[in-house]
Amino acid sequence: MASSLGYLTRKETEVKLPKATWVKNKTPAPIQITAEQILREARERQESEFKLPKQKISDPTELADYRLRKRKEYESLVSRVSWNKSVWVKYAKWEESQEDFKRARSVWERALDHHCRDHTMWLKYADMEMKNKFVNHARNLWDRAVDLLPRVDQLWYKYIHMEEMLGNVAGARQIFERFAKFEMKNGEIGRARDCYERAADKLSGDEEAEHLFVAFAEFEEKFLAFEKQYGDKGGIEDAIVGKRRFQCEDEVRKNPLSYDTWFEYIRLEESVGNKEGIREVYERAIVNVPPAEEKRYWQRYIYLWINYALYEEVQAQDMERARDVYRECLKLIPHKKFSIAKIWLLAAQFEIRQLRIKEARLLLGQAIGRAPKDKVFKKYIEIELHLGNIDRCRKLYEKYLEWSPENCYAWSKFAELERSLNEMERARAIFELAIDQPSLDMPELLWKAYIDFEISEGEFERTRALFERLLNRTKHLKVWISFAKFEASAMGSEVEQDIVQTKNYLQRARDVFERAVSYFRNSAPELKEERAMLMEEWLTMESGFGELGDINLVRSKLPKKLKKRRKIDMEDGPSMYEEYIDYLFPGETQSTNLKILEAAYKWKKQRVASEED
């Protein structure tokens, strides 16, 4: 009993209570918050995004630094991810935005080296040329694109569309026919017919559309009537070739000096592919030497030899025959009367491709000895430079300058070579020899190259001395302006300089402008327009100096523009008057007024004297 009442176990004494039920309060809250309010408050509490400050370029030096930095960034990118097309496109478009189209083309060409099979790259490249109205560049690009990717219809259609937009209907028609002939050549009869139909629809309103319809009719005749009546495709082609061969034979028999006919005959034989037949036509063609030893008669004929040599090298793979062709051609040319640098260079390049460097040098040496030309010297130096033969390059430049001492290009390139080798004293000596020549073809470019060289070396005193020597030879406006700009740019070339140094550089630039103004005012007063342009440049410089500049110093010297008329005597008719702009400078206004007062005083004095008499 006691055990049953007093000594109950814990499990027996625990009593399970029921769970308390929880009821969700579904009454509306006193303050209602919408989702729109939550989003708005979240947006307001967000921190503002950090934006890079806008860079404002205010002078050419900053612009050049910016361009150099961007180009380094892009070059680093394309060297790491050359497979990424978008990087190339951005790089090219950036160069286009800088209006440096030569660099933009260079980037596109490098991109095509990696992605030449991607037609979108060709489309974007051509779009740049068309957008900037470089029509001939665009045409050349479309030609390359359709030759490389003839199966991409979009390239053909874009090319045709460009010619249509330019109003060149004849050109568009030729492209349609070319596209159709390509499809015919590859057996795509349906695609060729579709091409002709589209061309007929688009160009039917042209006056010369009959040529297109004739070509369309010939196409249908060849591939429908002939196929049904005269046999298979191979037989038809043989008949066409035979007929065309007969026509060519008849034309060259009548006029053996018609080199265009010989070229057409050769292309016909090359389409057949008979090696012996091709060589026979080439041999018959090159026998027809021009009758006169004048270069203008040989310019077309010489390409028979060039094509013959390239055929033996590329198609026939017969290197000895190709070498013989070049050798015989060089023997035939009358070098005492004229020479053709292209043949010498092609023969030398052929030997280089065969890894016969010694023979290539021998050929180029003969070219320089028998018929020296700029092209031969440039190519020979380029070859030796690629081979790393610096001493040979120096000797070639010496020969080049012995032959043409007035050639500023050769002098500049020679100095540039020495500079690239860190031979600064040699480069400086070459420049000194160059500017001492009695006659130069483009002295302004040579002086500019010399001055830029000294500036790049940080030799400011030498640069000033060069400008002074140049001013002793010419007082041209551009020389004065370049001198002043140099002094102004030298102000920003020092890394650390105080305000006193800055003012000294600024004063030097002003002194140059003062000297220039004095020269044009006293020694060349008739050059008013040049003097006015000089003042504008000075004003621009002072504005660019900010607080240190003194705009009022220049404004007080600016001229007034006056519109005047002058009489022009005509030989075969009455005289005419034309309007022109004259400039009236402050000093001239004052002197003119003094002359008027002096003349009035003399007149009054004479009148008083006459009245007394």
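The cationic group of Arg110 does not satisfy the cation-pi geometry with Tyr91, failing either the under 6.0 Å distance to the six-membered ring centre or the 45° limit from the ring axis.
Counting heavy-atom neighbours within 6.0 Å of Phe338 CZ, excluding the residue itself, gives a total above 12. Within a 6.0 Å sphere centred on NZ of Lys342, heavy atoms belonging to other residues, nucleotides or ligands number 12 at most. In Lys399, the NZ atom is not crowded: 12 or fewer heavy atoms of neighbouring residues, nucleotides or ligands sit closer than 6.0 Å. Within 6.0 Å of CD in Glu99 there are 12 or fewer heavy atoms belonging to other residues, nucleotides or ligands.
With sequence neighbours left out, Arg353 forms a side chain to side chain contact (heavy atoms under 4.5 Å, CB included) with Glu313, Gln349, Phe350. Under the side-chain hydrogen bond (donor to acceptor under 3.5 Å, both in side chains) criterion, Arg469 pairs with Glu432, sequence neighbours left out.
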Dump the intermediate steps for salt bridge (charged side-chain N to carboxylate O under 4.0 Å, His left out) on Arg71 and Glu95, then the final yes or no.
CA-CA 9 Å; Arg71 286 180 181 127; Glu95 291 289 1; 2.7 Å; yes
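Between the side chains of Ser404 and Glu406, at least one donor N or O lies within less than 3.5 Å of an accepting N or O.
Pairs of residues two or more places apart, or lying in two chains, that qualify as salt bridge (charged side-chain N to carboxylate O under 4.0 Å, His left out) and include a residue from residues 415-424 are Arg394-Glu418, Lys413-Glu416, Glu418-Arg426.
To the nearest 0.5 Å, the span separating CG on Leu470 from CD1 on Ile435 amounts to 9.0 Å. Atoms CD and CE, on Glu454 and Met424 in that order, are 10.0 Å from each other to the nearest 0.5 Å. Note: Glu487 CD to Met541 CE = 10.0 Å, rounded to the nearest 0.5 Å. Note: Ile381 CD1 to Tyr400 OH = 7.0 Å, rounded to the nearest 0.5 Å. A distance of 9.0 Å separates OG in Ser482 from CG in Leu477, rounded to the nearest 0.5 Å.
Ring centroids of His335 and Trp344 are separated by less than 6.0 Å, placing the two rings close together.
In terms of modelled atom types and a separation under 3.5 Å, the side chain of Ser97 and the main chain of Trp94 share a donor-acceptor contact.
Heavy-atom minimum distance, Ser412 versus Leu446: OG-CD1, 3.7 Å.
Between Phe134 and His137, the ring planes are perpendicular. Angles over 60° get that label, and only those under 30° would be called parallel.
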